[in-house]
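Encoded as structure tokens, the structure appears first; notes follow it.
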2 protein chains.
Amino acid sequence: MTPASYIVLGLLERYGPGSTYDLKRRAAQALGNFWSTAHSQLYRTAETLAKDGLLDPTTESTPGGRERIVYRLTPMGRKRLAQWRAQEENELAELRDPGLLKLYFGADPAALAPAQAAAHRRQLQAYEQRKHEDDGAEPRGPWLTLEAGIAHERVWVRYWEGLAATTDP
Amino acid sequence: MTPASYIVLGLLERYGPGSTYDLKRRAAQALGNFWSTAHSQLYRTAETLAKDGLLDPTTESTPGGRERIVYRLTPMGRKRLAQWRAQEENELAELRDPGLLKLYFGADPAALAPAQAAAHRRQLQAYEQRKHEDDGAEPRGPWLTLEAGIAHERVWVRYWEGLAATTDP
DNA sequence: TGAAGCATGTAATTTGTTACATGATTGG
DNA sequence: CCAATCATGTAACAAATTACATGCTTCA
């Protein structure tokens with residue numbers, strides 16, 4: 001069980017049964033840039049989970065006559081997800097920022113900082129807009145997560161802008 | 001060329017020639033919890049880089065009579081590293097925090113937050129101590145990176161403590 | 001002198017990414 | 001009705017993690 005497994009389980013629980021393509025869209029929309037996964041990975045993960053009895057796959061045809069596999073959580077899958085959720089978490093996230101890595105190994109801040117600051121400003125705006133659009137109807141988790149994203153983007157913006165300022169003029 | 005490649009190149013540039021084991025130690029010490037890599041990965045990466053002519057491997061014997069391979073940067077390796085450093089970076093880091101993922105998918109904040117807050121407090125302390133020990137002799141990159149780490153840990157601590165407070169009693 | 005842990009490496013397995021394919025739908 | 005793009009998937013490849021293995025050192 002990797003994080004990707006729980007993403008699949010979680011998305012199915014929250015938004016109901018769906019095809020892998022649905023999962024892909026949901027993941028992009030919901031987790032967005034806080035935890036991305038390639039769609040081919042979702043395929044494999046879903047298959048594996050189905051093989052393990054955590055998902056129940058059924059083949060349906062679309063209006064267009066194409067077939068697709070729709071997955072739904074089995075009781076076991078539901079249970080597994082709940083267990084994970086209840087488990088205390090002790091892993092810490094790593095920063096793993098490619099820009100920061102460059103900086104660490106001696107990149108010139110003046111060259112790096114402006115672009116990074118701009119990118120993070122964009123991301124921050126996107127998150128803030130999303131928070132604005134939130135109508136409070138969704139469960140609490142996504143909103144809390146958004147908050148975290150915003151807080152971090154703010155720090156990044158401040159950080160890189162600071163770096164740009166001290167080296168620029 | 002993956003991030004791991006540049007880590008190997010960068011560590012060799014900064015601390016001079018060394019065996020893979022040296023690299024492992026350096027990586028753990030220097031990059032620590034901001035970008036971790038398994039030691040077996042360093043082995044493979046170093047091999048590949050040597051095969052590509054970016055590193056020059058020489059077999060030496062330790063006092064104990066064991067053999068080990070010491071790598072040093074070739075001019076090409078040096079150049080490649082410099083190129084990477086000069087390249088503008090446009091990738092953004094993802095948060096990818098396992099705790100946050102749980103929260104997203106509905107974990108109970110009251111159960112999650114205290115442990116997370118504590119873990120981040122520890123990490124913050126470690127970073128701050130390190131900053132304290134810095135004598136300014138090292139190049140600027142590591143110090144700047146430390147700053148970033150501290151800023152982020154502060155945000156995390158505030159975040160999880162806030163969550164713990166609002167849900168607790 | 002035996003156990004713990006440091007130093008050194010390899011192999012197997014799992015994950016993750018990139019690239020390729022191709023039928024359906026829709027907007028121009 | 002053609003091009004773009006959505007929907008759906010597979011295959012090949014690259015990277016990362018886990019597990020295994022084992023000779024040295026050191027310290028009790």
Side-chain angles (χ1 to χ4, degrees), chain A residues 1-9 11-12 15 17-29 31 33-52 54-55 57-71 91-96 98 101, chain B residues 1-9 11 15 17-29 31 33-52 54-55 57-71 91-94 96 98 101:
Chain A
M1 299 298 288
T2 86
S5 316
Y6 294 110
I7 288 175
V8 168
L9 294 178
L11 289 173
L12 289 174
Y15 301 108
S19 71
T20 316
Y21 189 75
D22 295 333
L23 288 175
K24 172 197 159 179
R25 258 181 316 145
R26 290 172 188 180
Q29 209 277 314
L31 298 165
N33 351 51
F34 123 72
W35 199 309
S36 75
T37 44
H39 80 283
S40 64
Q41 199 192 339
L42 294 173
Y43 275 89
R44 242 185 333 162
T45 305
E47 268 169 28
T48 309
L49 291 175
K51 192 157 52 61
D52 293 350
L54 304 182
L55 299 185
T58 33
T59 302
E60 301 186 354
S61 335
T62 56
R66 279 189 87 164
E67 304 228 305
R68 59 187 220 147
I69 300 171
V70 170
Y71 292 97
E91 304 282 314
L92 282 192
E94 293 182 357
L95 242 47
R96 278 200 185 242
L101 195 62
Chain B
M1 301 296 290
T2 86
S5 316
Y6 294 110
I7 288 175
V8 168
L9 294 178
L11 289 173
Y15 301 107
S19 70
T20 316
Y21 189 76
D22 295 334
L23 288 174
K24 172 198 159 178
R25 258 181 316 146
R26 290 173 188 179
Q29 209 277 315
L31 297 165
N33 352 49
F34 122 72
W35 198 310
S36 74
T37 46
H39 80 283
S40 65
Q41 200 192 337
L42 294 173
Y43 275 89
R44 239 179 337 146
T45 304
E47 270 171 27
T48 309
L49 291 175
K51 193 157 52 60
D52 294 349
L54 303 182
L55 298 185
T58 34
T59 302
E60 300 185 354
S61 335
T62 56
R66 279 188 87 163
E67 304 229 305
R68 59 187 220 147
I69 299 171
V70 171
Y71 292 98
E91 303 282 315
L92 284 192
E94 292 182 357
R96 276 201 187 243
L101 196 62

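Each chain gets a letter, A, B and so on, in the order its sequence line appears, and its residues count up from 1. Owing to the predicted nature of the structure, the values given are computational and were not obtained by experimental measurement.
Every residue two or more places apart in sequence or in another chain that forms a side-chain hydrogen bond (donor to acceptor under 3.5 Å, both in side chains) with A:Ser36 is listed here: B:Glu94. Residues that satisfy the salt bridge (charged side-chain N to carboxylate O under 4.0 Å, His left out) test with B:Glu47, not counting sequence neighbours, are absent from this structure.
Between A:Ser19 and the phosphate of D:dT8, there is a side-chain N or O to OP1/OP2 separation shorter than 4.0 Å. Between C:dG9 and B:Tyr43, a contact under 4.0 Å exists linking OP1 or OP2 to a side-chain N or O. Side-chain nitrogen and oxygen atoms of B:Gln41 include at least one within less than 4.0 Å of the OP1 or OP2 phosphate oxygen of D:dA16.
When each of A:His39 and A:Met1 is assigned the nucleotide of DNA chain C with its nearest heavy atom, A:Met1 is the one assigned upstream, toward the 5' end.
In this structure, the nucleotide among D:dT8, C:dA7, D:dA15 sitting nearest to the side chain of B:Arg25 is C:dA7. The side chain of A:Tyr21 approaches D:dC6 more closely than any other nucleotide in the set D:dT10, D:dC6, C:dG9.
On a pure distance criterion of 3.5 Å, a polar donor-acceptor pair joins the side chain of B:Arg44 and the base of D:dA16. Below the 3.5 angstrom threshold, one finds no donor paired with an acceptor across the side chain of A:Ser40 and the base of D:dT10.
The separation between B:Leu42 atom CG and C:dT8 atom P is 13 Å, rounded to whole Å. Whole-Å rounding puts the A:Ile69 CD1 to D:dA7 P distance at 17 Å. Rounded to an integer number of Å, the gap from B:Arg68 CZ to D:dG23 C1' is 15 Å. Rounded to an integer number of Å, the gap from NZ of B:Lys24 to P of C:dG5 is 14 Å. In this structure, the CH2 atom of B:Trp35 is 13 Å from the C1' atom of D:dA15, given to the nearest Å. Going from atom CD of B:Glu67 over to atom C1' of D:dT22 covers 16 Å, rounded to whole Å. Rounded to a whole Å, the CD atom of B:Glu47 is 9 Å from the P atom of C:dG9. What separates CG of B:Leu49 from P of D:dA15 is a distance of 10 Å, to the nearest Å.
Note: A:Ser19 OG to A:Arg26 CZ = 8.0 Å, rounded to the nearest 0.5 Å. If you take CG on B:Asp22 and CG on B:Leu11, they are separated by 10.5 Å, rounding to the nearest 0.5 Å.
B:Leu54 is listed as a side-chain neighbour of B:Met1, based on a closest heavy-atom distance under 4.5 Å.
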